[in-house]
There are 2 protein chains.
Amino acid sequence: MNSRSAMRLARLQEALSRGGTIHLSEAARLCGVSEMTIRRDVVASEGTMTLLGGRLVMADNPQYAPAYNLDEQRDSHYLAKQRLCQCAEAFIEDGDTLFVDCGTTLMPLVSSLAGDKTLTVVTYALNVANAVSRLPHVRLVLLGGLYHSSSQSFGSDDMAGAIQRLGINKAFISAAGVHVERGVSCFHFHEVAPKRAAIEAAGKRILVADDSKFGVIRPAYFAQLDEFDVVVTNGGVGERLSRRPSDDTTLPRIMVA
Amino acid sequence: MNSRSAMRLARLQEALSRGGTIHLSEAARLCGVSEMTIRRDVVASEGTMTLLGGRLVMADNPQYAPAYNLDEQRDSHYLAKQRLCQCAEAFIEDGDTLFVDCGTTLMPLVSSLAGDKTLTVVTYALNVANAVSRLPHVRLVLLGGLYHSSSQSFGSDDMAGAIQRLGINKAFISAAGVHVERGVSCFHFHEVAPKRAAIEAAGKRILVADDSKFGVIRPAYFAQLDEFDVVVTNGGVGERLSRRPSDDTTLPRIMVA
DNA sequence: CACAAAATGTTAGAAATATAACACTTGATG
DNA sequence: CATCAAGTGTTATATTTCTAACATTTTGTG
């Protein structure tokens with residue numbers, strides 16, 4: 001991706017940040033380039049924007065994403081996450097202050113936070129913040145710092161302290177690796193502090209991870225599995241874990257989506 | 001509108017109620033009719049659904065803020081802001097750590113930060129952060145806190161302290177009101193702390209405000225005009241201010257875009 | 001400045017979508 | 001039962017969008 005291309009994309013993204021679409025011809029005029037260049041920019045955007053009938057739309061705008069509830073086989077990963085989040089949603093109650101972890105796993109959860117509850121979402125992820133900022137009925141607290149594009153999240157020295165000062169009620173944690181003996185891990189070390197602080201501060205800790213994460217180990221450990229109250233997962237892993245002997249208390253409650 | 005047509009629409013709207021799009025062919029298969037019939041249903045739906053590139057989308061999802069109006073943005077001094085920012089850009093040098101204020105005025109500035117400089121952008125505005133996060137060559141520090149949708153920015157108790165701890169080099173400040181005697185003001189009180197802290201911390205303070213802001217007074221004062229090193233503006237106001245006597249040192253340097 | 005590489009613009013053709021016209025089916029009604 | 005009208009399907013055509021190829025411009029470098 002070119003620097004000018006990135007500039008144009010940033011401008012167009014700004015224009016689309018509150019939703020809606022822009023026709024190729026408008027975008028081209030706005031940026032002072034040809035429609036073909038905008039097309040190439042969209043390809044270079046690596047999925048942050050897409051074209052739909054000659055109009056630019058933000059890829060993370062669920063209004064314009066393909067509806068997966070029809071052809072369930074199409075994108076199993078996305079669908080799995082959606083089911084996981086539908087399952088996790090059951091824990092959300094009126095008045096909750098939720099910690100929402102970074103990554104894409106929990107995006108369906110925040111995109112569909114119901115309007116009939118009074119909720120506060122605490123996050124250190126830019127994509128989560130953007131989704132929540134579009135929900136006028138949900139209070140948003142973003143924990144800032146230096147931006148890490150790899151995980152679309154922020155990191156700072158005082159992240160743990162900031163989380164402790166907030167009255168976090170329930171923590172929804174995601175992970176890149178979950179191993180029953182070795183614990184729960186993620187890719188980036190700057191995620192460890194906020195994850196740990198949220199796990200320690202929250203009254204209820206909910207780990208949301210699809211079956212592809214199980215048995216996997218990533219560089220940055222941040223918790224043992226028994227530190228969670230609930231694990232929401234799916235597929236064969238979930239079935240296997242949930243069939244453990246009932247007197248086994250080393251594992252949290254397993255929910256299979 | 002037909003009763004069968006209404007039933008099909010209800011069914012499709014249900015499928016789309018969580019967001020997403022359905023291709024005409026899928027919708028036709030789902031309802032057991034031809035694509036042409038779905039097209040006619042959409043026309044009969046009186047705007048509740050529209051077609052976009054052969055896909056059905058809900059016309060306006062109330063979950064989202066009203067669709068961005070490109071023309072309104074352009075008419076509302078968009079071109080002036082672009083010129084102002086082109087002018088302000090001249091102050092940016094390699095290695096700078098820039099504070100960028102909230103609002104729409106400075107968006108063209110951050111969208112076009114050149115790739116040949118090593119830059120850090122500090123901001124408390126979500127729209128600014130989004131634009132900068134798309135530029136891989138610019139370091140981004142976001143000052144978090146509670147989100148205020150009115151200004152797309154964050155506010156917190158320790159905002160001023162956090163800014164002081166950063167080595168901010170140049171501050172680009174925007175304003176909703178600029179009055180030569182009464183000072184510079186904005187709409188929202190939570191913006192005062194970060195603006196003031198940035199003005200006090202930065203080596204160079206640049207106020208960017210188009211002519212429509214001059215002579216206007218807004219609820220929250222945050223600075224006197226002489227606290228700035230440069231004022232970038234345009235139009236008649238700029239001409240008038242810049243023609244002041246050269247021995248008048250009560251005003252900063254005026255740049256007319 | 002010359003050169004190469006990258007980015008952008010232009011054009012033409014392919015594919016998909018939109019529109020219009022007309023034929024067929026269905027169901028209500030006298 | 002005949003008839004009509006509304007609804008639907010089919011076909012053809014127009015329009016738009018997409019893709020690929022090539023020409024041109026800009027940018028970076030020695």
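Here is how names work: the chains are called A, B, and so on, in the same order as the sequence lines, proteins then strands, and each is numbered from 1.
Proximity of residues 38-46 of chain A to DNA chain D (heavy atom under 4.0 angstrom from any strand atom) is restricted to Arg39(A).
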Could you tabulate the donor-acceptor pairs under 3.5 Å formed by side-chain atoms of residues 199-207 of chain B, not counting sequence neighbours?
from: Glu200(B); atom 1: OE2; to: Arg196(B); atom 2: NE; distance (Å): 2.9
from: Glu200(B); atom 1: OE2; to: Arg196(B); atom 2: NH2; distance (Å): 2.9
from: Arg205(B); atom 1: NE; to: Ile199(B); atom 2: O; distance (Å): 2.8

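Summarising the geometry, the separation between CZ on Arg8(B) and C1' on dA6(D) is reported as 12 Å, rounded to the nearest angstrom. Atom CG in Leu52(A) sits about 17 Å away from atom P in dT16(D), given to the nearest Å. Rounded to an integer number of Å, the gap from Leu24(B) CG to dG9(D) P is 13 Å.
Residues passing the salt bridge (charged side-chain N to carboxylate O under 4.0 Å, His left out) test with Glu35(B): none are found, sequence neighbours excluded. Here Thr37(B) pairs with Ser34(B) under the side-chain hydrogen bond (donor to acceptor under 3.5 Å, both in side chains) rule; sequence neighbours left out. Contacts of Phe214(A) classified as ring pair (Phe, Tyr, Trp, His ring centres under 6.0 Å), with partners at least two apart in sequence or in another chain: none. Remark: Phe228(B) pairs with no residue by the ring pair (Phe, Tyr, Trp, His ring centres under 6.0 Å) rule, at least two apart or across chains. Applying the side-chain contact (heavy atoms from CB on, under 4.5 Å) criterion to Arg40(B), with sequence neighbours excluded, gives Met36(B).
Here Arg55(A) lies out of heavy-atom contact (under 4.0 Å) with every strand.
Chain A approaches DNA chain C within less than 4.0 angstrom (heavy atoms of the protein), and the contacting nucleotides run 5' to 3' from dA7(C) to dT10(C).
Taking every side-chain heavy atom of Val33(B) into account, dG9(D) is the closest of dA20(D), dG9(D), dC18(D).
Tested against Leu119(B) for a side-chain contact (heavy atoms from CB on, under 4.5 Å), the candidates Asp96(B), Asp94(B), Val110(B), Thr97(B) yield a single pass: Asp96(B).
Put simply, His23(A) has a side-chain N or O that comes within less than 4.0 Å of OP1 or OP2 on dT17(D).
Screening residues 101-112 of chain B for salt bridge (charged side-chain N to carboxylate O under 4.0 Å, His left out), with sequence neighbours left out, gives Asp101(B)-Lys195(B).
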